[in-house]
Amino acid sequence: MTTMTEGAVREFKMPDVGEGLTEAEILKWYVQPGDTVTDGQVVCEVETAKAAVELPIPYDGVVRELHFPEGTTVDVGTPIIAVEVAGGAAAPAPAPAEPQREEPEPQGRQPVLVGYGVAASATRRRPRKGAQPPAPQAPALPAQAQQAAAAVQAELNGHGATAVPQRRPLAKPPVRKLAKDLGVDLATVTPTGPDGIITREDVHAAAAPPKAPESAVEAPVSPVTAAPAAAPVSYDTARETRIPVKGVRKATAAAMVGSAFTAPHVTEFVTVDVTRTMKLVEELRQDKEFAGLRVNPLLLIAKALLVAVRRNPDINASWDEAAQEIVVKHYVNLGIAAATPRGLIVPNIKDAHAKTLPELARALGELVTTAREGKTSPAAMQGGTLTITNVGVFGVDTGTPILNPGESAILAVGAIKLQPWVHKGKVKPRQVTTLALSFDHRLVDGELGSKVLADVAAILEQPKRLITWA
């Protein structure tokens, strides 16, 4: 039964479905105003910078309003749907209910996937650091007054600006690295991003003080005035197409720029005869242990890299800029670059080092299938340590891959082709490919990178080393 006039209206906010994400695009609504929803029911699908995710509603009720149409990009913490909850509660009822939902979230981020929201917690978290007076006043205010005050506080960052210097400034790793390279102290930067997050523009503005005031004023105004008026005139729609940069493409662009201009890349190459590896692939396809599993050269290349990492463990590390430490990982979360309709993503196989060859084949198959279906979760793309990108599927011989942010190395695999090769003193047609290993020269020197690449090549040339070296 619908109680559109007597029930209490709850606002379901855009949750943070992945650590550090600030916005998401609404791809599809599964409900319409007037529909009845139940706790845990999926109401919409959104695309973040990492993946497409279905959002469940955290309470029962009747949909009263959809605040945004499909295709709209919404900031995290912004209400996206209004639901009238059952029970005939009076209008003031949401006042105690909303804080009860929001208060537990600063203790952990588990509830965000069911839509409890993060904007309020981000706003309430900073006053506890340096601005204690507003906290006792919040319970005494009506719910609407609290929400209005929170919105103003989030927008102006009045208290946040004073609290941030006392603690660790809010900024993403690429922004921190940019600040380090430019010699900018983040504690002195005035944040303009959502909830007091320091953006790349803020760092650039701080690095060039004479131009900072103009940049701060013109940056928000220029796109608004120029885009609607100039865009239709500046290009011929029959000859050009403009595609908005958002979602996975936007995240990939930011990550690649941040990686390329932060980690000093070095790329080494080796051409190797993989004829024996290709024969082993054919034999494994006939093995009953691999029945129903995807067996291809990538499987043995992944296993070869894992063995090379075991022999050279220092390659599996990351650079901690804040602590000025090299963090050596005793596990391998092996990333596999996958091209999807939404763009390039890099999900990873957790604890790949501990998997048998059949288990690795199964994990690779599931990873590829999930990526192609667009169902890769944000968690599957977090925590990677090393990555493989198979450019050979496009007929490309090799490339100079850019590191996935936070990782130390990435292996590019070129096309496997029949080529003339000197084998046992005679020129014969052999299956040959070229491997390219890019690594972060801050923590991987030339000797270590060369050893890893040489080990991978040696295993692919003589696959029996998978047994003798493992």
Side-chain angles (χ1 to χ4, degrees), residues 268 270 272 274 277 280-281 284 287 289-290 293-320 325-338 345-371 376-390 401 403-413 435-440 443-445 447-470:
E268 295 185 339
V270 63
V272 59
V274 295
T277 291
L280 179 57
V281 168
L284 291 177
D287 193 316
E289 294 294 332
F290 292 86
L293 299 178
R294 184 190 301 267
V295 179
N296 54 25
L298 180 61
L299 171 62
L300 295 183
I301 293 170
K303 192 64 176 178
L305 179 59
L306 293 172
V307 172
V309 171
R310 181 179 299 179
R311 288 167 53 85
N312 305 275
D314 289 344
I315 190 73
N316 190 38
S318 63
W319 182 273
D320 189 333
E325 295 175 340
I326 294 175
V327 184
V328 179
K329 312 293 178 63
H330 303 298
Y331 59 91
V332 180
N333 290 345
L334 183 61
I336 305 295
I345 62 174
V346 188
N348 59 75
I349 301 173
K350 308 298 183 187
D351 294 324
H353 66 287
K355 295 185 181 297
T356 63
L357 197 58
E359 291 173 344
L360 188 60
R362 182 174 294 103
L364 275 171
E366 294 173 351
L367 179 148
V368 172
T369 299
T370 302
T376 303
S377 67
M381 291 182 282
Q382 296 175 353
T385 61
L386 298 167
T387 293
I388 296 178
T389 177
N390 186 10
L403 295 170
N404 204 29
E407 299 182 8
S408 61
I410 178 172
L411 177 69
V413 182
L435 306 175
L437 183 72
S438 292
F439 50 85
D440 186 343
L443 53 109
V444 180
D445 57 27
E447 180 184 10
L448 177 58
S450 299
K451 285 182 177 179
V452 171
L453 185 58
D455 279 357
V456 174
I459 293 172
L460 296 180
E461 186 176 16
Q462 294 284 352
K464 65 181 181 181
R465 290 191 172 100
L466 286 173
I467 299 175
T468 59
W469 286 359

Would you sort out whether L364 and I336 count as a side-chain contact (heavy atoms from CB on, under 4.5 Å), showing the intermediate values?
-> CA-CA 8 Å; L364 275 171; I336 305 295; 3.8 Å; yes
Output, in order, the C-alpha distance, side-chain angles, deciding distance and verdict of side-chain contact (heavy atoms from CB on, under 4.5 Å) for L386 and S408.
-> CA-CA 7 Å; L386 298 167; S408 61; 3.7 Å; yes
Determine, step by step, whether L411 and T389 satisfy the side-chain contact (heavy atoms from CB on, under 4.5 Å) criterion, reporting the C-alpha distance in whole Å, the side-chain angles of both residues, the deciding distance to 0.1 Å, and the verdict.
-> CA-CA 6 Å; L411 177 69; T389 177; over 6 Å; no
Start with the C-alpha gap between H353 and V309, add the side-chain angles, then the distance that decides, and say whether side-chain contact (heavy atoms from CB on, under 4.5 Å) holds.
-> CA-CA 9 Å; H353 66 287; V309 171; over 6 Å; no
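A distance of 9.0 Å separates CD1 in I459 from OG1 in T277, rounded to the nearest 0.5 Å. In this structure, L448 CG and L443 CG are separated by 8.5 Å, a value rounded to the nearest 0.5 Å. Distance check, rounded to the nearest 0.5 Å: CG of N348 to CG of N333 gives 5.0 Å.
Contact check for L460 versus I301: side-chain heavy atoms found under the 4.5 Å cut-off. L305 is listed as a side-chain neighbour of V452, based on a closest heavy-atom distance under 4.5 Å. The shortest distance between side-chain heavy atoms of N316 and Y331 does not fall below 4.5 Å. Between I326 and D314 there is no side-chain heavy-atom pair separated by less than 4.5 Å. At least one side-chain heavy atom of L357 sits under 4.5 Å from a side-chain heavy atom of L300. Between L306 and V332, the closest side-chain pair of non-hydrogen atoms falls below 4.5 Å. Residues V274 and P297 fail the side-chain proximity criterion, which asks for heavy atoms closer than 4.5 Å.
Scanning both residues, P313 and V328, for their nearest heavy atoms gives O-CG1, 4.0 Å. Closest non-hydrogen pair, Q382 versus P378, comes out as CG-O, 3.2 Å. When every heavy atom of G449 is checked against every heavy atom of F439, the shortest pair comes out as CA-CE2, 3.8 Å. Shown here for L437 and A409, the closest heavy-atom pair between the two residues is CD1-CB, 4.2 Å. Among all heavy-atom pairs drawn from V270 and A457, the shortest one is CG1-CB, 4.0 Å. Nearest heavy atoms, A371 versus I345: CB-CD1, 4.0 Å.
The side-chain contact (heavy atoms from CB on, under 4.5 Å) check on A302 picks up L334, L360, I388, with sequence neighbours excluded. For E289, the salt bridge (Lys or Arg N to Asp or Glu O under 4.0 Å) criterion is met by no residue, not counting sequence neighbours. Residues passing the side-chain contact (heavy atoms from CB on, under 4.5 Å) test with T387, sequence neighbours excluded: V346, N404, E407, I410. The side-chain contact (heavy atoms from CB on, under 4.5 Å) test applied to S450 returns E268, not counting sequence neighbours. Residues meeting the side-chain contact (heavy atoms from CB on, under 4.5 Å) test with N296, sequence neighbours left out: R285, R294, L298, L299. Listed by chain and number, the residues in a side chain to side chain donor-acceptor pair (under 3.5 Å) with S438 are T267 (sequence neighbours excluded).
Annotation: salt bridge (charged side-chain N to carboxylate O under 4.0 Å, His left out) contacts involving residues 452-470, sequence neighbours excluded, comprise R311-D455. The salt bridge (charged side-chain N to carboxylate O under 4.0 Å, His left out) analysis of residues 351-368, with sequence neighbours excluded, yields no pairs.
Residue-environment remark: NZ (K329) exceeds the threshold of 12 foreign heavy atoms within 6.0 Å.
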